[in-house]
Structures are given as structure tokens and as C-alpha cells.
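Since the model is a prediction, treat every value here as computed from it, not as a measurement.
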Amino acid sequence: MSDPRSYLIDRFTSDANALRARAMTLREDKSSGTIPGPDASTSESMASACDNIVTMLTQTVESDDRSIVLSDLLHLTSALKQLSITHSRQPAVRAVYDGAAARIREIEAAERNAGESKEG
């Protein structure tokens with residue numbers, strides 16, 4: 001895997017762009033209302049959550065030492081959990097924050113497992 005921090009920034013930037021494109025399509029084409037998934041307003045809210053996550057990620061340490069990067073990313077999970085709680089009345093937005101925390105934990109676990117297999 002490439003740098004975990006860069007991967008997450010790219011992923012959530014891409015998600016924000018896709019959600020904004022969806023919102024625009026839904027607003028411009030009234031017949032697109034049959035497309036399954038969130039409505040335009042919810043898509044915009046989810047895109048804003050992705051932007052917030054990207055901002056948080058860009059404020060984490062940038063280092064060649066993966067363990068430092070992973071440690072810094074793991075510290076974000078508590079802030080993401082708090083944002084999830086704050087947005088409890090917006091299930092789709094809450095899912096964005098929960099998903100970000102889950103991705104960070106998955107990356108950390110994969111990196112840890114890769115390190116253990118190199119040692120063993």
C-alpha cells in the first residue's frame with residue numbers, strides 16, 4: 001500500500017467529488033430521482049463530511065516513518081467518533097465519519113499484520 005495518509009486523503013477527496021457530482025445530477029435532472037441512494041441535499045452533506053475528513057488528514061504528520069503516520073492517524077479515530085455522535089440525526093453523514101474511522105483501523109491492522117509477518 002502507498003502512504004496510508006495519502007491513500008486516505010485521495011479516497012475521501014474522490015468520495016467528496018463523486019457525492020457533489022451526484023448532487024448536481026440530481027438537482028439538474030429531475031428524472032434522476034429514481035437513482036437509488038441519498039438525495040441531493042444528503043449527498044452535499046456527505047461531501048462536506050468528506051472534506052472535513054480530508055482537512056483532518058492533511059493536518060496529521062507527514063513522515064517517512066509509517067509507524068509515526070499510523071499513530072497520528074489512529075489519534076483521529078476519537079475525533080471521528082465524536083463527529084459521528086454529533087451527527088447522530090444524520091445517518092448518512094454519521095456513516096461517513098464511522099467509515100473513515102473504520103478505514104484507519106483497517107489500515108493500521110493491515111500494516112501491523114504485515115510487520116508481524118516480516119518479523120516471523
Do I104 and L80 make a side-chain contact, defined as non-hydrogen atoms from C-beta onward lying under 4.5 Å apart? yes
Side-chain touch R5/I9, heavy atoms, less than 4.5 angstrom: yes
In the structure I gave you, are the side-chain heavy atoms of D51 and V54 within less than 4.5 Å of one another anywhere? no
Salt bridge D15-R20, side-chain N to carboxylate O under 4.0 Å: no
Can you name the nearest heavy-atom pair linking A40 to L26, along with the distance? N-CD1, 3.5 Å
Verdict with reasoning, L73 to L8, per side chain to side chain contact (heavy atoms under 4.5 Å, CB included): CA-CA 10 Å; L73 291 175; L8 290 165; 4.0 Å; yes
Kindly indicate, with the supporting measurements, whether the criterion side chain to side chain contact (heavy atoms under 4.5 Å, CB included) is fulfilled by V69 and D72. CA-CA 5 Å; V69 172; D72 210 28; 5.8 Å; no
How long is the straight-line distance from NE2 of H87 back to CD of Q82, given to the nearest 0.5 Å? 10.0 Å
Answer yes or no: is there a donor N or O on one side and an acceptor on the other, between the side chain of T42 and the main chain of P38, under 3.5 Å? no
Using only heavy-atom distances, determine whether the side chains of S67 and D65 contain a donor-acceptor pair under 3.5 Å. yes
Taking all non-hydrogen atoms of both residues, which atom of L19 and which atom of A47 are closest, and how far apart? CD1-N, 3.7 Å
Under the rule for salt bridge (charged side-chain N to carboxylate O under 4.0 Å, His left out), what residues qualify as partners of D98, not counting sequence neighbours? R94
Give, for atom CG of L83 and atom NZ of K81, the distance between the pair rounded to the nearest 0.5 Å. 11.5 Å
Does a side chain donor of either D10 or T13 reach within less than 3.5 Å of an acceptor in the other side chain? no
What's the shortest heavy-atom distance between M56 and A79, and which atoms? CE-CB, 3.6 Å
Holding to side-chain contact (heavy atoms from CB on, under 4.5 Å), I want the full list of residues that pass it with D64, two or more places apart in sequence or in another chain. none
Quick one: which of T77, N52, I85 gives a side-chain contact (heavy atoms from CB on, under 4.5 Å) with Y97? N52
Decide, yes or no, whether a salt bridge links E106 with R103 under the criterion of side-chain N to carboxylate O below 4.0 Å. yes
So, taking the atom named CG in L74 and the one named CZ in R105, what distance separates them when rounded to the nearest 0.5 Å? 9.0 Å
Considering only NZ, NE, NH1 and NH2 on the basic side and carboxylate oxygens on the acidic side, decide whether R27 and E44 come within less than 4.0 Å. yes
Would you say Y7 ends up clustered with L70 if hydrophobic residues are merged whenever their side chains have heavy atoms under 4.5 Å apart, either directly or through other cluster members? yes
Counterpart residues, ring-ring contact (aromatic ring centres under 6.0 Å, His included), relative to F12 (two or more places apart): none
Donor-acceptor pair, side chain of S45 and main chain of S41, under 3.5 angstrom: yes
